[in-house]
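These numbers come from the heavy atoms of this one structure, side chains and all, not from hydrogens, waters or symmetry mates. In the text below, chain A, chain B and the rest are named by the order of the sequence lines, each starting its count at 1.
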Amino acid sequence: MTQLPGLLDIEAIRKDFPLLDRVVHDGKKIVYLDNAATSQKPRQVLDALNEYYERHNANVHRGVHVLAEEATALYEGSRDKVAAFINAPSRDEVIFTKNASESLNLVANMLGWADEPYRVDHETEIAITEMEHHSNIVPWQLLSQRTGAKLKWFGLTDDGRLDLSNIEEVITEKTKIVSFTLVSNIMGTVNPVDAIVRRAQEVGALVLIDASQAAPHMPLDVQALGADFVAFTGHKMCGPTGIGVLWGRQELLEDLPPFLGGGEMIETVSMHSSTYAPAPHKFEAGTPPIAQAVGLGAAVDYLTSIGMDKIAAHEHAITEYAVGRLLEVPDLRIIGPTTAEDRGAAISFTLGDIHPHDVGQVLDEQGIAVRVGHHCARPVCLRYGIPATTRASFYLYSSPAEVDALIDGLEHVRNFFG
Amino acid sequence: MTQLPGLLDIEAIRKDFPLLDRVVHDGKKIVYLDNAATSQKPRQVLDALNEYYERHNANVHRGVHVLAEEATALYEGSRDKVAAFINAPSRDEVIFTKNASESLNLVANMLGWADEPYRVDHETEIAITEMEHHSNIVPWQLLSQRTGAKLKWFGLTDDGRLDLSNIEEVITEKTKIVSFTLVSNIMGTVNPVDAIVRRAQEVGALVLIDASQAAPHMPLDVQALGADFVAFTGHKMCGPTGIGVLWGRQELLEDLPPFLGGGEMIETVSMHSSTYAPAPHKFEAGTPPIAQAVGLGAAVDYLTSIGMDKIAAHEHAITEYAVGRLLEVPDLRIIGPTTAEDRGAAISFTLGDIHPHDVGQVLDEQGIAVRVGHHCARPVCLRYGIPATTRASFYLYSSPAEVDALIDGLEHVRNFFG
Amino acid sequence: MKLDSMYQELILDHYKHPHGRGLRDGDAEVHHVNPTCGDEITLRVKYDGETLTDVSYEGQGCSISQASASVLNELLVGKELAEAQKIQAVFLELMQSKGKVEPDEEMEEVLEDAIAFAGVSKYPARVKCALLSWMAWKDATAQVLGGAERKTA
Amino acid sequence: MKLDSMYQELILDHYKHPHGRGLRDGDAEVHHVNPTCGDEITLRVKYDGETLTDVSYEGQGCSISQASASVLNELLVGKELAEAQKIQAVFLELMQSKGKVEPDEEMEEVLEDAIAFAGVSKYPARVKCALLSWMAWKDATAQVLGGAERKTA
Ligand SMILES: Cc1ncc(COP(=O)(O)O)c(C=O)c1O
Ligand SMILES: Cc1ncc(COP(=O)(O)O)c(C=O)c1O
């Protein structure tokens, strides 16, 4: 087996993930390289879910009975864990949502309904980038349509990086919010946070960072980032589906208006008017994803026990190896950075004229799960003049042997359509 | 053991629910009477969740690999199950949300952003009732504040029913939307759908029915209801937390604008503009609660295998028994209907001057879990001049013995504070 | 190998040598997108009375969607409208069968080369690829019939 | 019985015979709500220089929140501001201890009757009940000190 410096003890880790033993297509063990779409779940997380439902399940916050107290302690305990995981100054800055998309929409809607100085309206501008996930594009298009605000964006360089050369035109005195991804889900690019945050602060714009592809893979420190909001999603970081996070600076969460109305988010309600609970509850209407928050808490414990820096190092080694081997494949073109520097573990590529759908299908037949298409980042495909890509993406349990399997699989694809 | 006509085979059913074996406070088996807040989960649902995560977990819709196909088939299969469960004319009318609160907010926001003839604006009116859950009040207060629309509501009679005597003033030619609960979560009242729907149709208003307390407990037929939208929540009907449903008439879902923007809900995206996928996907931005939908599908299978009519009969019998026994308790006042006719299995009451918090605490000490407070329906408490109530609520696994335990518990409460 | 049931020789042939590709004069034009994968097609139909005289198209997509458009062109052009609609309906039935319909002789007679897509019906994610051009054709034809939104180039 | 640790005789006494209940003249008034249960209190403070001369209140709530307001009145009225603030801080510490602080003699000396609430700190849902009036008092006092939003009746 290929040994690379910095690898985790993959064999031990893989034992935690029941799905990785899955056998598909008449006896082929799954090679799961679709981690940018969603991660697999360790037994520790599934145990936490079962334990919650079998022993503690109750609705939170409003009960004096023992189950309600336990459920509340578990749910709020997960908030503490997430706050520690991202180094949030206060647990009250951690809002649970259903996914990163809701987190991003939540900010867009807060700003649309806000009073000055936050209000986005027809005299103001919004800045994003051309490499955003659709979930960080469409909310801003909707906000722009509904308020008249102008939507601007950073373009991309030929090697898959943000083109910041016109930063002073993209982020101006009129800009109210700059929203961008920390790591591209399609190209793996890690973006230069500092330069963007500095410019945003210069003009007094708020900064929202989409950390959906960062939180699972590297240490995340919201204070060091210097952003005002950070969004990410549970299912990509060993957690359950149905849970996302929005972190926001306390004073902003106090000032900004609520989004969804309902139970749990109120202080007092009469038919004539209502007042709202303090953050984070103000932004958590209805019964929250209780079990999912508990599961995310267990995921955070799991990742922390391994160490986010070690996970980052592991993925860096795998990515470096994968990039090197992919570049040896004839007719293969990587869309995005072609070295492992400042890049995450998602690698997109085209293979000659063979359509990614066909690439993915033939890989699947060999038990290799990759994603094909525009990966919810169609503007990137448009930018590089391609209809779609094939994307292999790695995680803490990915092994060099799986990279080798991918390379062999691509050889097979080329033969099949050759 | 007390035998009542119409009871289910409780012993067999209780074996399906691991939590019901829970022992609290030094050896007391839990008596779980907080079902209106959330239900317990049968093993069948937990098995479906585990099976999903251990064997099929992948992101849905965009993959050609076998896991993605399986996950998509399971997720969309749950949509079929839910559609059948509520007798929806088309599976495409079933939208998965995170909870009922999101479903209700979704409709409010659709109408706020809609074009004519649906648009809610300052020249129009919204009608709700005084017995709504906060999740069906606050979204309309927000919409009313943000659009200038006038919010009206039906009051309550002394015996906990809707006062429809002024229906022509509450629902007028200006009314765009009438939203009301099918079953009150605080009083158990079952509301007269026909009369309200008829009047709404007369004036061309849309009707949204909050079926959060109905879907778990009785056969639900959206076509028979005659409404335009029906909302409910998974966790109260044996399903996981983190999943809700909005059913809407196809033509409305086609006409109405999206709410949250992001991945999955688009047809095509460029930096300049986007087009949206057809319903239901148009309203499901981001990675949906996949496992939770699968769990809800299993819950629907479970409930259907027992039979919703049989569940309704069981609860009716228990409720009748409970109302009778409660009325024997000195100083006890039921808030809501005092017979079992046209009422669900949630019973709220006050006990002399003893504050519900204190009632709940002393019951808890005996292992009896009830909910105390305003049950996210504070206007009802205001209406009846009480600060809060104690609420016992039953489900398919509730037994007459548990009712007896409650009555004994209340005796103990009276002695304690006597 | 199971894969061969999807990628029939005939499909790969059509993919590599598509029939009637390119946009020509038409009575109606539609643009269809498969949102789940981004495949796109622009398709025009031309009728002479009841006869479908041309289906021209341009687009990008996988072998299945490309081959399917090529087969459609080969199969439908020259047919009477009613006949073409019947073929479309049978193709739709086959593709939505989840691999459970065993094509019989009658079906083979109607579908000719298109019968090669039977294997694709086992792959839910790819059924939409195979149907993309057929849905576009149906839509364009409906426009001609309805007289609505006629576009010619 | 565990319950007795919460419902100390002393708490039930204060609940049944509250001290200083009712609204009287004050330098500042606040209205606090416990959103998790709907308990409410309206509370006024009156100062004469540094001396807290009255805490008057009205509200609805459970035995714990009612008894706590009564104890507060008994304990704080007549004290110097600094002394009252110290008592409040110690009470807060006790209540947030999750039952893990064993009240020592020093604490007992400071808190007097309020020490009876030690058992409540084991019940997270009830801690807020016990704290409602104390938070309201703190807030009202801050208003007086800040001179902001002074209300008198
Ligand atoms: C009548 C009613 N409507 C709406 C809701 C809100 O449901 P959820 O909290 O799951 O959003 C509830 C329950 O909490 C309810 O009882
Ligand atoms: C960069 C990025 N942003 C946002 C999202 C949206 O996350 P979710 O689908 O969980 O809402 C994703 C993943 O799908 C992503 O990769």
J.: Considering only heavy atoms, which portion of F17(A) lies under 4.5 Å from any heavy atom of chain B: side chain, backbone, both, or neither?
T.: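 For F17(A), there is no contact with chain B at all, as no heavy atom is under 4.5 Å.
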
J.: Between H133(A), H272(A), K236(A), which shows the greatest number of heavy-atom pairs under 4.5 Å with chain B?
T.: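 Answer, by heavy-atom pair count under 4.5 Å with chain B: H272(A).
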
J.: Among the options T233(B), V64(B), L106(B), I30(B), pick out the one with the most heavy-atom pairs lying under 4.5 Å from chain A.
T.: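 With the most close heavy-atom pairs to chain A, the winner is V64(B).
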
J.: When you measure from the side chain of N99(A) to the backbone N and O of T287(B), does any donor-acceptor pair fall under 3.5 Å?
T.: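 Answer holds: yes.
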
J.: Need one label for L49(B): side chain, backbone, both or neither, based on atoms under 4.5 Å from any heavy atom in chain A.
T.: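 Just the side chain, heavy atoms under 4.5 Å.
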
J.: Which one of L67(A), L382(A), V372(A) has the most heavy-atom pairs closer than 4.5 Å to chain B?
T.: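 Option with the greatest count: L67(A).
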
J.: Relative to chain B, which segment of E284(A) carries a heavy atom at a distance below 4.5 Å: side chain, backbone, both, or neither?
T.: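 No part of it gets close to chain B.
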
J.: If you count heavy-atom pairs under 4.5 Å with chain A, which of K98(B), R55(B), H235(B), R146(B) comes out on top?
T.: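 Max contact count across the listed options: R146(B).
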
J.: For residues P139(A) and G261(B), report the shortest heavy-atom separation together with the two atoms involved.
T.: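 What the structure gives for the nearest pair is CG-O, 3.5 Å.
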
J.: Any sub-3.5 Å donor-acceptor pair from Q141(A)'s side-chain atoms to S270(B)'s backbone N or O?
T.: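 Yes, Q141(A) side chain to S270(B) backbone: donor-acceptor pair under 3.5 Å.
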
J.: Heavy-atom pairs under 4.5 Å with chain B: which of K41(A), Q145(A), R383(A), H56(A) has the most?
T.: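 It is K41(A).
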
J.: If I compare all heavy atoms of H65(A) with all of D364(B), which pair ends up nearest, and what's the gap?
T.: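 Nearest pair, atom of H65(A) first, then D364(B): CA-OD1, 3.3 Å.
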
J.: Assess whether side-chain hydrogen bond (donor to acceptor under 3.5 Å, both in side chains) is satisfied between Q292(A) and T241(B), documenting all intermediate values.
T.: CA-CA 7 Å; Q292(A) 293 72 39; T241(B) 57; 2.7 Å; yes

J.: Would you check if the side chain of E54(A) reaches a backbone N or O of R43(B) as a donor-acceptor pair within less than 3.5 Å?
T.: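 Here the side-chain-to-backbone pair does not exist.
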
J.: Keeping R371(B) on the side-chain end and N59(A) on the backbone end, is there a donor-acceptor pair under 3.5 Å?
T.: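 Yes, because the side chain of R371(B) sits within donor-acceptor range (under 3.5 Å) of the backbone of N59(A).
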
J.: Output the option from V269(A), V138(A), I368(A) having the highest count of non-hydrogen pairs under 4.5 Å with chain B.
T.: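 Counting heavy-atom pairs under 4.5 Å, the top option is V269(A).
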
J.: Which heavy atom of G286(A) sits nearest to which heavy atom of S135(B), and what is that distance?
T.: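 So the minimum-distance heavy-atom pair works out to CA-OG, 4.4 Å.
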
